[in-house]
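Quick one: the structure is below, questions incoming.
Any value given below was found using the heavy atoms of this structure, including those in side chains, with hydrogens, waters and symmetry copies removed. Note that the numbering runs from 1 along the sequence shown for the chain.
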Amino acid sequence: MSAGMNSIDAVKKKIKVLQSQAEEAEERAEKLQRQMEEEKRTREQVESEVSNLNRRLQLSEENLDRVQERLTTSLSKLEAMEKVADDSEREKKVIENRALKDEEKMELLEVHLREAKQIEDEANRKYEEVARKLTMVEGELERAEARAEQSESKVRMLEDQLGSYDQSLKALQASEDKQGSAVGGGAESCVNQLQISGGSG
């Protein structure tokens with residue numbers, strides 16, 4: 001009887017040991033399950049983060065491509081603007097040089113203008129002086145012409161008188177040749193009379 005009891009006790013103990021082992025195994029299984037689930041969640045989280053990182057990487061690469069395109073465009077625009085700026089700088093220097101030359105030319109023209117004004121003033125002064133002299137000369141010329149006309153009139157009158165005297169002398173000489181000495185005395189009287197008339201004229 002005691003042997004049977006011992007055998008039952010041994011079985012009970014063995015059952016307890018097996019139950020204990022089974023519980024431990026279940027706990028380990030549950031723990032492993034929890035660990036697996038945790039690892040799964042962690043793996044899923046890591047995969048999600050990796051996926052997010054991949055998307056971010058892809059977006060970053062796309063952004064980088066766009067940035068590079070914009071950079072290339074900006075560099076091209078910058079190069080074009082630098083060329084325009086260089087052209088503008090050269091054009092500005094050309095304009096500045098032209099303006100400097102224009103200023104020098106304008107200063108020279110101003111000098112010439114002052115000289116021309118002085119020459120004009122001197123010419124006007126000389127013109128006025130010549131005009132005054134011309135007026136005086138014209139007056140003197142008019143007076144000289146009047147005197148010349150008077151002289152010519154006197155000369156014509158004297159020539160007329162001289163012609164009359166010459167004709168009278170010729171007539172007297174002809175009469176003297178015909179009439180002799182008596183007529184010669186008359187002629188001498190006529191000559192004397194003409195001389196008296198000429199002296200009084």
Side-chain angles (χ1 to χ4, degrees), residues 45-173 191-201:
Q45 184 177 358
V46 169
E47 288 177 352
S48 176
E49 291 178 355
V50 169
S51 178
N52 290 331
L53 289 174
N54 287 330
R55 285 195 298 273
R56 289 175 61 187
L57 178 61
Q58 184 177 359
L59 291 174
S60 297
E61 288 176 349
E62 292 175 356
N63 289 332
L64 179 60
D65 292 337
R66 287 193 293 270
V67 169
Q68 286 178 343
E69 289 178 0
R70 289 199 301 270
L71 178 60
T72 302
T73 303
S74 298
L75 289 175
S76 298
K77 290 181 178 179
L78 178 61
E79 184 178 358
M81 290 177 66
E82 287 177 347
K83 186 177 183 300
V84 171
D86 292 339
D87 294 340
S88 299
E89 183 67 22
R90 285 193 296 271
E91 186 175 356
K92 185 185 77 171
K93 289 181 179 179
V94 170
I95 293 174
E96 288 176 349
N97 292 332
R98 188 183 303 164
L100 182 60
K101 290 181 180 179
D102 289 341
E103 288 178 359
E104 294 175 352
K105 187 183 295 183
M106 187 165 56
E107 291 176 357
L108 184 61
L109 289 174
E110 288 177 351
V111 172
H112 289 168
L113 180 61
R114 286 195 295 271
E115 292 177 353
K117 187 69 171 61
Q118 292 175 356
I119 293 172
E120 181 184 9
D121 293 340
E122 182 68 17
N124 289 333
R125 187 184 62 78
K126 289 182 178 180
Y127 172 78
E128 292 174 357
E129 183 178 352
V130 169
R132 286 193 299 271
K133 289 182 179 180
L134 180 60
T135 302
M136 293 173 60
V137 168
E138 287 176 348
E140 293 177 355
L141 179 60
E142 289 177 358
R143 289 190 293 273
E145 288 177 349
R147 289 195 300 270
E149 288 179 358
Q150 291 177 0
S151 298
E152 289 177 356
S153 179
K154 287 182 180 181
V155 167
R156 285 194 299 270
M157 185 179 65
L158 292 173
E159 286 177 347
D160 292 340
Q161 289 179 359
L162 182 60
S164 297
Y165 296 156
D166 188 35
Q167 290 177 2
S168 297
L169 287 174
K170 287 179 179 180
L172 288 173
Q173 286 176 357
V191 171
N192 291 330
Q193 184 65 34
L194 290 171
Q195 288 178 349
I196 292 170
S197 297
S200 63

Exercise. Just by modelled atom types, is the Glu47 backbone N or O under 3.5 Å from a matching donor or acceptor in the Ser51 side chain?
Worked result: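 No; judged by distance alone, with no hydrogens or angles, the pair does not exist.
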For this session: Give, for atom CD of Glu82 and atom CD of Glu89, the distance between the pair rounded to the nearest 0.5 Å.
Result: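 Between atom CD of Glu82 and atom CD of Glu89 there are 13.0 Å.
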For this session: Decide salt bridge (charged side-chain N to carboxylate O under 4.0 Å, His left out) for Glu129 and Lys126; before the verdict, give the C-alpha distance in whole Å, the side-chain angles of both, and the deciding distance to 0.1 Å.
Result: CA-CA 5 Å; Glu129 183 178 352; Lys126 289 182 178 180; over 6 Å; no
Problem set entry | Nearest-0.5 Å distance, CD of residue Gln45 to CD of residue Glu49 |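 It comes to 5.0 Å.
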Problem set entry | Working for salt bridge (charged side-chain N to carboxylate O under 4.0 Å, His left out), residues Lys83 and Glu79 | CA-CA 6 Å; Lys83 186 177 183 300; Glu79 184 178 358; over 6 Å; no
Exercise. Do Asp102 and Met106 have side chains that get closer than 4.5 Å, going by heavy atoms?
Worked result: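 Side chain of Asp102 against side chain of Met106, heavy atoms only: no contact under 4.5 Å found.
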Exercise. To the nearest 0.5 Å, how far apart are CG in Leu71 and OG in Ser76?
Worked result: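 Going from CG on Leu71 over to OG on Ser76, the span is 9.0 Å.
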For this session: Would you indicate whether Glu91, at its atom CD, is surrounded by more than 12 heavy atoms from other residues, nucleotides or ligands within a distance under 6.0 Å?
Result: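 No, because the 6.0 Å sphere around CD of Glu91 holds 12 heavy atoms or fewer from other groups.
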For this session: Run the numbers on Lys117 and Asp121 for salt bridge (charged side-chain N to carboxylate O under 4.0 Å, His left out), then give the verdict.
Result: CA-CA 6 Å; Lys117 187 69 171 61; Asp121 293 340; 3.0 Å; yes
For this session: Could you walk me through whether Asp166 and Lys170 pass salt bridge (charged side-chain N to carboxylate O under 4.0 Å, His left out), step by step?
Result: CA-CA 6 Å; Asp166 188 35; Lys170 287 179 179 180; 3.6 Å; yes
For this session: Would you indicate whether Arg66, at its atom CZ, is surrounded by more than 12 heavy atoms from other residues, nucleotides or ligands within a distance under 6.0 Å?
Result: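 Yes, CZ of Arg66 has more than 12 neighbouring heavy atoms, counting only those of other groups under 6.0 Å.
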For this session: State plainly whether the residues Arg125 and Glu128 are in salt-bridge range, i.e. N to O under 4.0 Å.
Result: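 Answer for the salt bridge query: no.
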Problem set entry | Reported NZ-to-CD distance for the pair Lys133 and Glu140, which is rounded to 0.5 angstrom |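 It is 12.0 Å, given to the nearest 0.5 Å.
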Exercise. Would you say the side chain of Leu141 lies within less than 4.5 Å of the side chain of Glu145, judging by non-hydrogen atoms?
Worked result: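 Counting from C-beta outward, Glu145 and Leu141 do come under 4.5 Å.
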Problem set entry | Donor-acceptor contact below 3.5 Å, side chain Ser153 vs main chain Glu149 |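 No, because the side chain of Ser153 does not come within donor-acceptor range (under 3.5 Å) of the backbone of Glu149.
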For this session: State the CG-CD distance between Asn63 and Glu69, to the nearest 0.5 angstrom.
Result: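 Taking CG in Asn63 and CD in Glu69, the distance rounds to 11.0 Å.
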Exercise. Quick one: OG on Ser88 to CE on Met81, what's the gap to the nearest 0.5 Å?
Worked result: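 One gets 10.0 Å once the value is rounded to the nearest 0.5 Å.
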